[in-house]
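Because only heavy atoms are used, hydrogens play no part in the values below, and waters and symmetry mates are left out as well, while side chains stay in.
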Amino acid sequence: MDTPQSQEPPTLKKSHKLSNVCYDIRGPVLDHAKRLEEEGQRILKLNIGNPAPFGFEAPEEILQDVMRNLPTAQGYCDSKGLYSARKAIMQECQRKEIPGVGIEDIYIGNGVSELIVMAMQALLNDGDEVLIPAPDYPLWTAAAHLSGGHGVHYLCDEQADWAPDMDDIRAKVTSRTRAIVLINPNNPTGAVYPPEVVREALAIAKQHNLVVFSDEIYDKILYDGVEHTATGALADDDQLVITMNGLSKSYRCAGFRSGWMTISGTLAKLHAHDFIQGLTMLASMRLCANVPAQHAIQTALGGYQSINDLILPGGRLLAQRDITVEKLNAIPGVSCVTPKGALYAFPRLDPKVFNIKDDQQLVLDLLLQEKILLVQGTAFNWPDPDHVRIVTLPWADQLGDALDRFANFLARYRQ
């Protein structure tokens, strides 16, 4: 009697929906960093805007409010979020002069990340397009692809303080374009768009009947007296603007995963009823966002804005921004537009000096040689391998040392 031969099980592959998805902020180079850490080596992680590991702690009053409300935070809440938290967000919209945002126009999520994915899923059909900046925060592009759509990248102009190139936006609108994304203040460049730039983008959106998504998570991290104006405050009443914000950065509560999305445009909402129903359906399907963390929102928005102590002269974030720009611009062949906001620098490495063909290999080599972890510019959907993103969260002296090592690395580096 023949013995049946055992067969190898078929290889289990990832979904085809993931084929064009990229999120290299936590990508292959990070895997190498983890391996080095397991070997006992210390890595300076300048790859992710995570305030807590660098000594930026959430305000004590926020922690106290969350702890005191834990006994009442054990059950599900409304799928859109706690009433008290949404009311505080509504009042914040009033302060920012975003008109027409009521309690029911606010959705609280497990971070802005969840809400971006929900919004793309609610809006896009297969083959639809979303205009997304290059460079971008790559989750926007990934979420568009996962939802069956396509991220079409419009260029931002480094020579114009990284403002969106309006001619490039106009050239990339097609019959399939459904929305445009603005990231302001911008990750990864640190750009803060003046009102006239936002108005021009809104005018293009209105001409082509596009939904406007405005990612404003860094709206309180501003330097040099720069002011931020909410996109929703500049839009016409018949324009649908969906604004994203949260606690992760300005309130140093990244681990709380507490973000929100607001819908403005009173007349526009009348024509977007079906889309808004879709958002509500998706919010209900995940039951609700983290309830304990929602108790932080009212205190954060209504309490003392300690972020100002960090961004004004004498503040840690400003000092760290300054040392980063100074050190980068002192490196031969490197130039960096001064960030006006956020927690990052996006320097250019002159191709005539460095001749870099593979920027992921560049950051891997830097990691292996200097134990510093950055993210390559192409991970932010920038088309050329001539930029990197540097997180400016470490203390100024630690940043200064890391950038000196980066300079020495570049002086000898060849591909």
Donor-acceptor pair, [X] side chain versus [Y] backbone, under 3.5 Å?
X: R257; Y: G111; result: no
X: R412; Y: L410; result: no
X: R316; Y: L310; result: no
X: T299; Y: A296; result: no
X: D128; Y: N125; result: yes

>> Using side-chain contact (heavy atoms from CB on, under 4.5 Å), reason through T177 and V130 one step at a time and then give a plain yes or no.
In response: CA-CA 6 Å; T177 309; V130 181; over 6 Å; no
SB check [X] [Y] (cutoff 4.0 Å):
X: R68; Y: D65; answer: no
X: R405; Y: E370; answer: yes
X: R35; Y: E39; answer: yes
X: E200; Y: R170; answer: yes
X: D168; Y: K172; answer: yes
X: E104; Y: K80; answer: yes

Could you check if a side-chain atom of [X] sits within less than 4.5 angstrom of a side-chain atom of [Y], using non-hydrogen atoms only?
X: P164; Y: I169; value: yes
X: C77; Y: Y83; value: no
X: K249; Y: L343; value: yes
X: E129; Y: T174; value: yes
X: P394; Y: L46; value: yes
X: L317; Y: I307; value: yes
X: D219; Y: K96; value: yes
X: D386; Y: I356; value: no

Tell me, yes or no, whether the heavy-atom count around [X] atom [atom1], taken from other residues, nucleotides or ligands under 6.0 Å, exceeds 12.
X: E97; atom1: CD; answer: no
X: M67; atom1: CE; answer: yes
X: Q159; atom1: CD; answer: no

Which distance, rounded to the nearest 0.5 Å, do you find between the [atom1] of [X] and the [atom2] of [Y]?
X: T189; Y: I183; atom1: OG1; atom2: CD1; result: 9.0 Å
X: F346; Y: N186; atom1: CZ; atom2: CG; result: 9.0 Å
X: I132; Y: D215; atom1: CD1; atom2: CG; result: 11.0 Å
X: N245; Y: I89; atom1: CG; atom2: CD1; result: 9.0 Å
X: N184; Y: T229; atom1: CG; atom2: OG1; result: 8.5 Å
X: N355; Y: K357; atom1: CG; atom2: NZ; result: 4.5 Å

Just jot down the side chain to side chain donor-acceptor pair (under 3.5 Å) partners of [X], sequence neighbours excluded, or say none.
X: H387; value: E158, W382
X: R321; value: D224
X: E114; value: N110, R286
X: T243; value: none

Only counting residues at least two apart or in another chain, list the ones meeting side-chain contact (heavy atoms from CB on, under 4.5 Å) with [X].
X: V353; answer: D350
X: D236; answer: K206, D238, Q239
X: R95; answer: E92, K220
X: S84; answer: L82, Q298

Side-chain donor-acceptor contact under 3.5 Å, [X] with [Y]:
X: D365; Y: Q361; answer: yes
X: E37; Y: Q41; answer: no
X: D309; Y: Y304; answer: yes
X: S258; Y: Q294; answer: no

> With sequence neighbours left out, which residue pairs that include part of residues 188-222 fulfil the ring-ring contact (aromatic ring centres under 6.0 Å, His included) condition?
Replying inline: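 Sorted pair list: W140-F213, Y218-Y344.
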> How would you list all residue pairs meeting ring-ring contact (aromatic ring centres under 6.0 Å, His included) that involve residues 239-266, not counting sequence neighbours?
Replying inline: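 Every candidate ring-ring contact (aromatic ring centres under 6.0 Å, His included) pair involving residues 239-266 fails, so no pair, neighbours aside, qualifies.
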Anything under 3.5 Å between a donor and an acceptor, one on a side chain of residues 268-276, the other on a protein residue two or more places apart or in another chain? List them.
unit_1, atom_1, unit_2, atom_2, d
K269, NZ, G100, O, 2.6
K269, NZ, D105, OD1, 3.4
K269, NZ, D105, OD2, 2.8

For a quick test of reading the model, state the closest non-hydrogen atom pair linking [X] to [Y] and the distance between them.
X: T231; Y: S214; answer: OG1-OG, 2.8 Å
X: T324; Y: A345; answer: CG2-CB, 3.8 Å
X: P339; Y: V325; answer: CD-CG2, 3.5 Å
X: F56; Y: Q320; answer: CZ-NE2, 3.9 Å
X: V391; Y: N47; answer: CG2-C, 3.9 Å
X: M261; Y: A119; answer: SD-CB, 4.3 Å

>> If the test is salt bridge (charged side-chain N to carboxylate O under 4.0 Å, His left out), which one of D397, D322, D401, D404 qualifies with K327?
In response: D404
> Cationic tip of R389 within the cone over F380's six-membered ring, i.e. under 6.0 Å and within 45° of the normal?
Replying inline: no
> Are L366 and L374 close enough, and set up right, to give a side-chain contact (heavy atoms from CB on, under 4.5 Å), and what steps lead you there?
Replying inline: CA-CA 8 Å; L366 176 68; L374 307 181; 3.5 Å; yes
>> If the condition is ring-ring contact (aromatic ring centres under 6.0 Å, His included), which residues does Y413 pass it with, not counting sequence neighbours?
In response: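 In terms of ring-ring contact (aromatic ring centres under 6.0 Å, His included), with neighbours along the sequence ignored, Y413 is linked to F409.
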>> L222 vs V192, test: side-chain contact (heavy atoms from CB on, under 4.5 Å). Steps then yes/no.
In response: CA-CA 8 Å; L222 307 166; V192 180; 3.9 Å; yes
